[in-house]
Each structure stands twice: as C-alpha cells, then as structure tokens.
Colleague: 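My questions all concern the structure below.
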Protein chains: 2
Amino acid sequence: MSKKEQIIKESIRLFSEYGYEATSMTKIAEKVDIKKPSLYAHFKNKEAIFYNAVEQVTEEYVDFILTTIQKSRHLSSKETLYNVLHQSYTNEYLLDFLGEFFYRFVLFTPYEVADQIKPLIKKSEEQLESALIKIIEEGQANREIDPALSSHVVLRHYLFIFNNLDVDVRYYSLRGIELEQYLNDIWSVFWRGVKN
Amino acid sequence: MSKKEQIIKESIRLFSEYGYEATSMTKIAEKVDIKKPSLYAHFKNKEAIFYNAVEQVTEEYVDFILTTIQKSRHLSSKETLYNVLHQSYTNEYLLDFLGEFFYRFVLFTPYEVADQIKPLIKKSEEQLESALIKIIEEGQANREIDPALSSHVVLRHYLFIFNNLDVDVRYYSLRGIELEQYLNDIWSVFWRGVKN
DNA sequence: GTCTATAGGGAGATAGAC
DNA sequence: GTCTATCTCCCTATAGAC
C-alpha cells in the first residue's frame, strides 16, 4: 500500500473516531509513521485529505450495497430488502469503519468542507435509491408488497430504517445477537406495515 | 436574563451549529457581549459551559415531551403517540435549538466530556421510555394495538422513529408541508405495522 | 464582574536542506 | 519524499488592575 493510500486509510479511522477538528495533521502523520510536513508532499492540505477520505468511503459503501443487491437478484423482494439490511449490519468492516465515518459526516459535515463533500454524498444516495425503488416496485408487481401503497412511501420508510439503524447501532453499541434482535424487531414492524 | 443564563443560551446555539471543538470561548464571549476572560468568572472552563448546556437542553426536552403526553391523556393511544411525534416536530424552538443540540451530542459526544454528560442523556432516555411504554400497553389493553406484539418491540420501533426523524428532518431540511408529509408517511407504515 | 495583557501550547502550513 | 526548523495564528486559561 502506497503512503498516499495509508494516509487515507488511517485518516478515515481518525476522522470517524474523533471528528474533523479534533483530528490533527500530527496524529495522522504519527499513524502512518512520517512527520507532519511530509503529509504535504501527498496532499495539498487537511481539507484535501478529508475530501479523498469521503470519496473512498462513499464509493466502497455504495459498491457493497449494490453488490449485495446483485447477489440477491434471484430472491423475492422481501428477502432482498431484508438481506441488504442484514448484510450491511453484519459486515464488520462496513459497520466499524465505513459506516462510522459515513454517518458522522453525513449528519454533521464540517463547515469548511461542506460545499465540497455534499455532492459526493448526494450522488451515493441517488445510486442507492434508484436500485431500491426497483426492488420495491417488483415486490408490488408480485403482490408481495401492498400495491395500494405508494412505492415512495415504502422506500421512505425503508431508507429511514436503513440510514438510521446505523445511528442506533452505534449509539447502543449493538453487536452480535443483540444487533440481530434489534434488526428483526424493527424489520418485523416494517414488514407488517407494507406487506400485501 | 442573567449573564450566566445568556452564556448557556448562546452556547447552546453555537455548539449545535459548529460542534464542540469549533466553538471557541471567544465566539461565546462575543455573543454575550463580554470579553473572553470574563466567561471564567461564571464558569470554571469550557467543559463546564458545555455540561450546563447539556443539562438545560435535556431538561427542557424531557419536560416538553412529558407535558405533551399529559395533555393527550384523554385521547386514544394512537392519537397520543401521534401527537407526541407531531408536536415534537412542529415546535420550532424544540426543533431548531434543543433538537439540533441534543442529537449532535447524543450521537457524537466530544471525547473530553463524554463521561460527564452520558449520565444526563441516559436519565432523559429512561424518563421518556417509561412514559411511552405505559401508553403502548394501554393501547394493547384497549385493543388499539395488537396485543400479540411485544410492547417492547412496539416501543423500539416508535423510539426508532422518534429519535431518528430528527436526523432526517435536519438532513433533508424538512419544514412545513414537506415535514408533515414525511411524518405521515413514516407514521402510516408504523401504524399499519402495529395496529390490531 | 469585567477588563487588558499575556502565558503556554497546539494547530495548519511553509522553507529549504538532503 | 522526508526531514528539521520555523512562521503565523488561534486556542484555553490565568494574573492582576479596576
């Protein structure tokens, strides 16, 4: 792994744990075992490191979800929707590094870099939404999901769960069986609420 | 309003907008029209200001919810649960100042002050949960809510909505009719999912 | 309680040798 | 690309006069 890649990798961890302001260039340099000024040979400034970190995280995040959807293509809409949730929350790398970072900065974007990173996040959202709405509409065509419901209402609640489970998982430090139970509780009410 | 109260009031706004680290003592001092060192006549340090801010926000937040529940006592469980959500998200003060602050620091507590403020937040959660579980169990006794569901599963989904709507409202900048629509979409799937 | 002045430290960033 | 040395700025916090 090149120094540049190492810097991104370690900065993702630091930014997620401490936040943007509280992550100093010195700390990043220590993690990749160089001195602070050497960072500037790889990136123009701290904002550039952050931008590259966001870019990598959103790409990996979207890739993971789209791949999971692909793999579930032969299953019912119910199973696909459940799998996407389940896989997202039982994959440790996704949960511990990408997810932590993604949600911290989606929710509370540092002022100085907001303009730069908002387009990156918006793009990732659009990719996910267009993949999910297809599955929901297929489910309605199959009569798995109540066709009387607007597909956008179903998508809205699903995305609501998808996005915010992350918040709860982190907040309550849910792992293993507890996480599984939590996911199933939330899912069961959702599915009762949309099934045909 | 005393200077001390002014400091808390303005610091709540600043902390919510910029976060803990990015809110400096100088900015707080400017907002209350004194010089930075004068702040130290009122509070020991920045952490103390933050602690007092959290304390005030959690108290006002819980008070508001418990009062709303009280006022809805003569209504059905369905109406009470809906009202609590609706009132919380159509009250501007709650949404713009208390909510913004509360969720920012519930989700991403600054390292240095985490140990101090976590008990404050935990207490507020417990107060809300014990009030809500009563309403849900009443609803099951009345046959409004499916008694076959565990009341804790219902509470979990309700709290999930209650807590995380805030995240979405802020993220999508939902206001007025859009917010109303969003709330109703989420509510409709939830109620379909728990009703008898 | 409020001020001016300042200590002391850490931040981001740059210059220039190797 | 990496380093040492350093600049400049802003931070929290304190000393001490009024």
Side-chain angles (χ1 to χ4, degrees), chain A residues 1-57 101 104-105 108-117, chain B residues 1-57 101 104-105 108-117:
Chain A
M1 189 159 40
S2 76
K3 214 65 179 176
K4 194 162 179 169
E5 289 168 326
Q6 279 180 56
I7 292 167
I8 295 300
K9 187 186 159 201
E10 295 300 333
S11 71
I12 289 172
R13 295 188 185 225
L14 289 168
F15 284 134
S16 356
E17 185 165 3
Y18 302 105
Y20 182 76
E21 289 87 0
T23 296
S24 67
M25 296 295 268
T26 304
K27 277 188 203 153
I28 297 172
E30 278 169 10
K31 284 278 180 187
V32 298
D33 209 33
I34 55 174
K35 300 293 175 188
K36 180 171 60 164
S38 308
L39 290 174
Y40 292 86
H42 302 281
F43 295 95
K44 194 189 152 209
N45 53 26
K46 187 179 175 181
E47 288 183 22
I49 295 179
F50 187 72
Y51 181 86
N52 278 270
V54 173
E55 202 172 37
Q56 178 167 323
V57 168
F101 184 95
R104 179 162 207 144
F105 297 111
F108 301 105
T109 311
Y111 247 74
E112 310 105 276
V113 294
D115 290 347
Q116 298 169 53
I117 73 162
Chain B
M1 194 159 36
S2 75
K3 216 62 176 177
K4 193 161 181 172
E5 288 167 327
Q6 278 180 57
I7 293 167
I8 295 300
K9 187 186 159 200
E10 295 300 332
S11 72
I12 289 171
R13 295 188 184 223
L14 290 168
F15 284 134
S16 358
E17 186 165 3
Y18 302 105
Y20 181 75
E21 289 88 359
T23 297
S24 68
M25 296 294 267
T26 304
K27 279 190 202 152
I28 297 172
E30 277 169 10
K31 283 279 182 190
V32 298
D33 209 34
I34 55 173
K35 300 293 174 188
K36 182 172 53 167
S38 309
L39 289 174
Y40 293 85
H42 301 282
F43 295 95
K44 192 189 155 208
N45 53 25
K46 188 180 176 181
E47 288 183 21
I49 295 179
F50 187 73
Y51 181 87
N52 278 269
V54 173
E55 201 172 37
Q56 177 166 324
V57 168
F101 184 95
R104 179 163 208 144
F105 298 112
F108 301 106
T109 310
Y111 247 74
E112 310 107 274
V113 293
D115 290 347
Q116 297 168 55
I117 74 163

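We name chains A, B, ... by the order of the sequence lines, and we start the count at 1 in each one.
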Colleague: Hey, is the side chain of Ser24(B) poking within less than 4.0 Å of OP1 or OP2 on dC10(D), counting only N and O atoms?
Modeller: no
Colleague: Taking NZ from Lys36(A) and P from dT2(D), how many angstroms apart are they, rounded to a whole number?
Modeller: 16 Å
Colleague: Would you classify Ser38(A) as touching base, sugar-phosphate or nothing, given that sugar-phosphate means primed atoms plus P, OP1 and OP2, and contacts are heavy atoms under 4.0 Å?
Modeller: base
Colleague: Roughly how many Å is it from CE in Met25(A) to P in dG10(C), rounded to a whole number?
Modeller: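 Between P of dG10(C) and CE of Met25(A): 17 Å.
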Colleague: Across the strands shown, which category fits Ser2(B) at heavy-atom distances under 4.0 angstrom: base, sugar-phosphate, nothing?
Modeller: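 Since no nucleic acid heavy atom lies under 4.0 Å of Ser2(B), the category is nothing.
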Colleague: Using the benzene-type ring in the case of Trp, are the ring centres of Tyr20(B) and Phe105(B) under 6.0 Å apart?
Modeller: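 Ring-ring flag for Tyr20(B)/Phe105(B): false, centres at least 6.0 Å apart.
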Colleague: Which nucleotide, dT14(D), dG12(C), dC3(D), lies nearest any side-chain atom of Pro37(B)?
Modeller: dT14(D)
Colleague: Would you kindly give the CZ-to-P distance between Phe50(A) and dA13(C), to the nearest whole Å?
Modeller: 14 Å
Colleague: In whole angstrom, give the distance that lies between atom NE2 of His42(A) and atom P of dT14(C).
Modeller: 15 Å
Colleague: Write down the distance between OH (Tyr40(A)) and P (dT4(D)), rounded to a whole number of angstrom.
Modeller: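 Distance check: Tyr40(A) OH to dT4(D) P gives 16 Å.
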Colleague: Taking N and O atoms by type only, does the side chain of Lys3(B) place a donor or acceptor under 3.5 Å from a partner on the base of dG1(C)?
Modeller: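 Such a pair does not exist between side chain and base.
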Colleague: What's the closest nucleotide to the side chain of Lys46(B) if the choices are dA13(D), dT2(C), dT2(D)?
Modeller: dA13(D)
Colleague: Tell me the interatomic distance from Lys35(A), atom NZ, to dA15(C), atom P, rounded to whole angstroms.
Modeller: 21 Å
Colleague: Quick one: Lys4(A) NZ to dT2(D) P, roughly how many Å, whole number?
Modeller: 12 Å
Colleague: For a quick check under 3.5 Å, do Tyr111(B) and Glu17(A) share a side-chain donor-acceptor pair by atom type?
Modeller: yes
